[in-house]
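Within every chain, numbering begins at 1; the chains are lettered A, B, ... in the order of the sequence lines, protein sequences first and strands thereafter.
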Amino acid sequence: MLISRPRGTSDLLPHATAGWQRVEAVIRDLCRVYGYGEIRTPLFESTELFQRGVGEGTDIVEKEMYTFTDKGGRSLTLRPEGTAPATRAYLENGLHTAPQPVKLYYVGPMFRHDRPQAGRYRQFHQFGVEIFGAADPAADAEVIALAMHFFERLGIAGLELHLNSVGCPGCRAVLRAKLADHFGPRAGELCANCKSRLGKNPLRLLDCKEEQCRAAGREAPVPADYLCAECGGHFERVRRNLELLEVSFRLNPCLVRGLDYYTRTAFEILVPGRGAQDAVGGGGRYDGLVGAIGGPAVPGVGFALGLERTLLLVSKQAGGEEPPPDPVVFVATAGETEETATVLLARLRAVGVPADREYAGRSLKAQMKYAAKRGARWVVIVGEDELEAGEVTLRDMGAGLQVRVSLGEVVERLRS
RNA sequence: GUGGGCGUAGCUCAGUCGGUCAGAGCGCCAGACUGUGGAUCUGGAGGCCGUGGGUUCGAAACCCAUCGCCCACCCCA
């Protein structure tokens, strides 16, 4: 093969896109019901947007971005996630002057230069929602409930919702000091990654998966112990709302979102027993994000779900791929009847009957064979003999029976 | 970025100690007294055996490199 697709991308052929369309239909319906409007932003943005909106200290920005320089010398980046672009669009289009809150959702491809493996690709797809302008804990609960509702609608069971609160910059400053006190003396026991985190972002030490770091962090202070009164109250209200919505969750005191503009609620949706790749989605509150990219202080909360990982669960649990659509009616010719067949086919399609023909001028036998393989329920044989009587032969492919029908009424017979 | 496995027809794969090994099944196309399907039979098309070097009289097979795919780690979705 001369040219193959770029690493970590995939060609979705008709038998696969059927599953995607189903998932997308659920997304659109759910978002309509919950009151979210769809937003479509560019696939690439100024690199700076992600540096500020995702965070310089993150793996995404440090090593996973598809960044290039365009002909005007601007640094652009294929979007690695959807929240920063949505936030940018919210500001740029003046949505902060619209009635608040503004509730948006998006579905589309994201790009990260990671090493591909099962359920992880360089071009992958996310479904996400964002609520801008609502500080109410009920908003946190709503997006979480929406995410869980989505999986429920797809028939996916057995997911775990992990929940935590990382507090606000105020209470986090206290925590940070305590973490430094705790880990400082143990720096020697930590993995290389965590050693460097110790200085810049000690919160991240809490959710390192290395055994040695977990051991060192066993007695470490966690955000929940240092929440200020307001953050504590908020978290309590989020949990209360989830109970009202009958969404079960598990408190995970080590669940963390590292950057400063992530505040309070943090959550992740996990598939138990899938190793290091168990996250199908996650989200939280980001009351500092709008400000971080240059806007006013507007609170926000949202989530992003991985669709490839979701599809993996759909096909695993709900059984397999769906077949491509049947043509239903196939128009075959026998003899010099092409023109009549062409018109008949057009009439069938005009009234919405899925119909097809073949274009190779093959024998009737070959046409029948092709029609059967395509899964046609009916074949209309337009033959010279029948045409002399103004008729065609209508064959029921399932039953193997056929009758002659007048050319005038065949469309009506097949319409239903 | 790190580690492991694998790269032979569209697909799934055989190819034994290097010497008619370029193959099978499925799929595709065609035919079986030429206007009728999913069965059967027959035939056909289709492969620089991932790529580039090397070893050898001779390599799909052995060695090196490279690219790609898969899986795992890190991290995430």
**Prompt:** Quick one: is the NZ or CZ of Arg122(A) closer than 6.0 Å to the six-membered ring centre of Phe111(A), and within 45° of its axis?
**Reply:** no
**Item:** Separation of the C1' atoms in A65(B) and C21(B), to the nearest angstrom
**Value:** 27 Å
**Request:** Answer whether the closest heavy-atom distance between the side chains of Val380(A) and Val329(A) falls below 4.5 Å.
**Result:** yes
**Asked** Closest to the Arg112(A) side chain: A77(B), G3(B), C69(B)?
**Response** A77(B)
**Request:** In whole angstrom, give the distance that lies between atom CD of Glu81(A) and atom P of C76(B).
**Result:** 13 Å
**Message:** Under the criterion of centre distance below 5.5 Å and interplanar angle below 30°, is Tyr370(A) classified as stacked on the base of G37(B)?
**Reply:** no
**Request:** Specify the separation, in whole Å, of atom CG of Leu270(A) and atom P of C76(B).
**Result:** 12 Å
**Prompt:** Whole Å only: how far is the NZ atom of Lys63(A) from the C1' atom of C74(B)?
**Reply:** 6 Å
**Item:** Separation of G35(B) C1' from Glu336(A) CD (nearest whole Å)
**Value:** 13 Å
**Fill in**
Side-chain atoms of Lys369(A) come closest, of C76(B), G37(B), A72(B), to G37(B)
**Atom-pair distance (CG on Asp385(A); C1' on U36(B)), nearest Å** = 13 Å
**Message:** Does any part of the side chain of Thr265(A), heavy atoms only, come nearer than 4.5 Å to the side chain of His234(A), both counted from C-beta?
**Reply:** yes
**Asked** How close or far is atom C1' of C71(B) from atom CZ of Arg120(A), stated in whole angstroms?
**Response** 11 Å
**Request:** Could you let me know what G68(B) is paired to, Watson-Crick or G-U wobble, both distances under 3.5 Å, or none if it's on its own?
**Result:** C6(B)
**Prompt:** Where the side chain of Lys373(A) is defined as all heavy atoms beyond and including C-beta, which of C71(B), U36(B), C29(B) is the nearest nucleotide?
**Reply:** C29(B)
